[in-house]
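Letters A, B, ... are given to chains in the order of the sequence lines, protein chains preceding strands, and every chain is numbered from 1.
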There are 2 protein chains.
Amino acid sequence: MTKRKLNSTFTLNESFLTECDLTYAVNKIGGRWKILIIDKLSDQKLRFSELNKIFPLITERMLTLQLRALECDGLVKRTVYAEVPPRVEYELTPMALEFLPIFKQLSAWGNKHKGLTK
Amino acid sequence: MTKRKLNSTFTLNESFLTECDLTYAVNKIGGRWKILIIDKLSDQKLRFSELNKIFPLITERMLTLQLRALECDGLVKRTVYAEVPPRVEYELTPMALEFLPIFKQLSAWGNKHKGLTK
DNA sequence: TGTGGTACGAACAAAAGTGTAAGTAATGAC
DNA sequence: GTCATTACTTACACTTTTGTTCGTACCACA
């Protein structure tokens with residue numbers, strides 16, 4: 001996505017951290033809007049503009065970035081139709097589909113404990 | 001942790017985002033070292049200095065911040081012993097223990113797909 | 001000729017997260 | 001009195017992430 005300086009402690013630590021399968025997994029869904037996007041795509045293909053309407057607060061730029069990251073991580077498949085005006089559809093990959101049951105548990109956990117700090 | 005400006009779009013979006021149970025849950029473990037800390041605490045209490053030794057790359061400041069955040073979110077319990085030199089022990093709360101099985105699945109998913117982008 | 005819709009891209013700015021380097025309190029051991 | 005130990009705290013700098021604003025290509029259609 002954005003260019004990074006190599007050899008910064010930040011980056012070095014990142015390498016160390018992603019050696020952990022758990023951290024690796026969480027990093028993949030760590031972007032601000034990624035989870036919501038995956039959730040919406042869980043049972044349907046959606047176009048860029050449709051996602052944009054579903055999440056009015058996300059900017060086009062952010063949506064682009066998050067989708068690109070998801071695509072890059074192999075969680076989302078991007079299909080471009082050579083039409084005018086352009087049409088691009090996004091859908092989950094099998095790898096992402098395997099994530100969904102975990103999502104449900106996470107969601108249940110979140111729901112159970114939300115607001116009950118302590 | 002750090003003070004935030006209210007009313008920034010960033011903060012407003014955060015409110016919107018954490019309405020989603022899923023995003024809420026992921027945010028709780030989103031800090032850079034939180035997952036590793038929880039993992040280490042999964043079967044034992046540990047002192048501040050012990051955690052620091054386990055993760056040589058984390059700075060004391062970061063360790064403090066992450067532990068404070070975890071405590072604030074009700075995932076970690078902090079026990080201070082009135083001794084000199086000070087002794088502070090950290091352990092998981094029941095809420096965090098409920099997270100562990102999900103962690104295992106996340107970890108398995110990460111292990112399966114790591115390196116297999118696409 | 002001009003307008004409209006789609007899915008972006010680029011330049012910039014703001015905010016948050018993370019790392020660096022130093023310092024602190026309390027007290028028991030020497 | 002000095003030093004060592006533990007668990008921090010503070011001030012600052014740097015990196016990444018997120019948001020703002022503007023602009024683009026393409027062609028159908030009016």
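For A/Val88, the listed nucleotide lying nearest its side chain is C/dC8; candidates were C/dT18, C/dC8, D/dG19. The side chain of A/Pro86 sits closest to D/dC26 out of C/dC8, D/dT15, D/dC26. Looking at the side chain of A/Thr64, the nearest of the listed nucleotides C/dG19, D/dG19, C/dC8 is C/dC8. Distance from the side chain of B/Thr9 is smallest to D/dG19 among D/dG19, C/dC8, C/dT6. With distances taken from any side-chain atom of B/Glu60 to the nucleotides C/dA16, C/dG19, D/dC8, the minimum falls on D/dC8.
Distance CE (A/Met62) to C1' (D/dT20): 11 Å, rounded to an integer number of Å. Atom-to-atom, CD of B/Glu71 to P of D/dA7 comes out at 15 Å; the value is rounded to the nearest Å. Spacing between atom CZ of A/Phe10 and atom C1' of C/dG17 amounts to 7 Å, rounded to whole angstrom units. Between B/Ile58 atom CD1 and D/dA7 atom C1' there is a gap of 14 Å when expressed in whole angstrom units. Rounding to whole angstrom units, CG of residue B/Leu65 and P of D/dC8 are separated by 11 Å. Look at CG on B/Asn52: it is 15 Å from P on D/dT5, rounded to the nearest Å. Counting to the nearest Å, the C1' atom of D/dG19 and the CG atom of A/Leu57 are 12 Å from each other. In this structure, A/Arg68 places its CZ atom 17 Å from P of D/dT17, rounding to the nearest Å.
Taking the side chain as every heavy atom from C-beta outward, A/Arg68 and A/Arg78 approach each other to under 4.5 Å. For the pair A/Ile102 and B/Ile102, the minimum side-chain heavy-atom distance is below 4.5 Å. Looking at A/Val76 and A/Thr93, their side chains never come closer than 4.5 Å, going by heavy atoms from C-beta outward.
Only one option out of B/Thr23, B/Asp73, B/Thr18 pairs with B/Lys28 in a side-chain contact (heavy atoms from CB on, under 4.5 Å); it is B/Asp73.
The side chain of B/Ser8 contributes no N or O atom lying less than 4.0 Å from OP1 or OP2 of D/dT18. Between A/Gln66 and D/dT17 there is no side-chain polar atom (N or O) within less than 4.0 angstrom of OP1 or OP2. Close to D/dC8, at under 4.0 Å from its OP1 or OP2, lies a side-chain N or O of B/Arg78. Between B/Thr11 and C/dA16 there is a side-chain N or O to OP1 or OP2 distance below 4.0 Å.
Listed by chain and residue number, B/Asn111, B/Lys114 satisfy the side chain to side chain donor-acceptor pair (under 3.5 Å) test with A/Asp21 (two or more places apart in sequence, or in another chain). Listed by chain and number, the residues in a side chain to side chain contact (heavy atoms under 4.5 Å, CB included) with A/Ser49 are A/Arg47 (sequence neighbours excluded). For A/Glu89, the side chain to side chain donor-acceptor pair (under 3.5 Å) partners two or more places apart in sequence, or in a different chain, are A/Tyr81, A/Arg87. By the ring-ring contact (aromatic ring centres under 6.0 Å, His included) test, A/Phe103 pairs with A/Phe99, sequence neighbours left out. Shown here are the side chain to side chain donor-acceptor pair (under 3.5 Å) partners of A/Asn52, two or more places apart in sequence or in another chain: there are none.
Across residues 43-50 of chain B, B/Arg47, B/Phe48, B/Ser49 each have a non-hydrogen atom less than 4.0 Å from an atom of DNA chain D (numbered order).
Closest of all the heavy-atom pairs between B/Leu46 and B/Leu51 is CD1-CD2, 3.7 Å. The minimum heavy-atom distance between A/Ala25 and B/Gly110, with the atom names listed, is CB-CA, 4.1 Å. Closest non-hydrogen pair, A/Leu92 versus A/Ala96, comes out as CB-CB, 4.0 Å.
Across the interface with DNA chain D, nearest-nucleotide mapping of B/Glu89 and A/Trp33 shows B/Glu89 to be the residue nearer the 5′ end.
A/Tyr90 comes within 4.0 angstrom of the backbone, heavy atoms only, and of no base. Among the protein residues, B/Asn13 comes within range of the sugar-phosphate backbone only, with heavy atoms under 4.0 Å from sugar or phosphate atoms but none that close to a base.
Residue pairs that meet the side chain to side chain donor-acceptor pair (under 3.5 Å) test with at least one member in residues 101-110 of chain A, sequence neighbours left out, are A/Gln105-B/Gln105. Sorted by first and then second residue, the ring-ring contact (aromatic ring centres under 6.0 Å, His included) pairs involving residues 31-62 of chain B (not counting sequence neighbours) form an empty list.
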Under 3.5 Å donor-acceptor pairs involving side-chain atoms of residues 35-44 of chain B, not counting sequence neighbours:
residue	atom	partner	partner atom	Å
B/Ser42	OG	B/Asp39	O	2.8
B/Gln44	NE2	B/Lys40	O	3.1

Can you name the atoms? Protein N/O to nucleotides 27-30 of chain D N/O, anything below 3.5 Å, with the distance.
none

Under 3.5 Å, which N/O atoms of the protein pair with N/O atoms of nucleotides 11-13 of chain D?
none

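Direction change of the helix axis from one end of the helix from C/dT1-D/dA30 to C/dC30-D/dG1 to the other is 30°, with five pairs defining each end axis (rounded to 10°).
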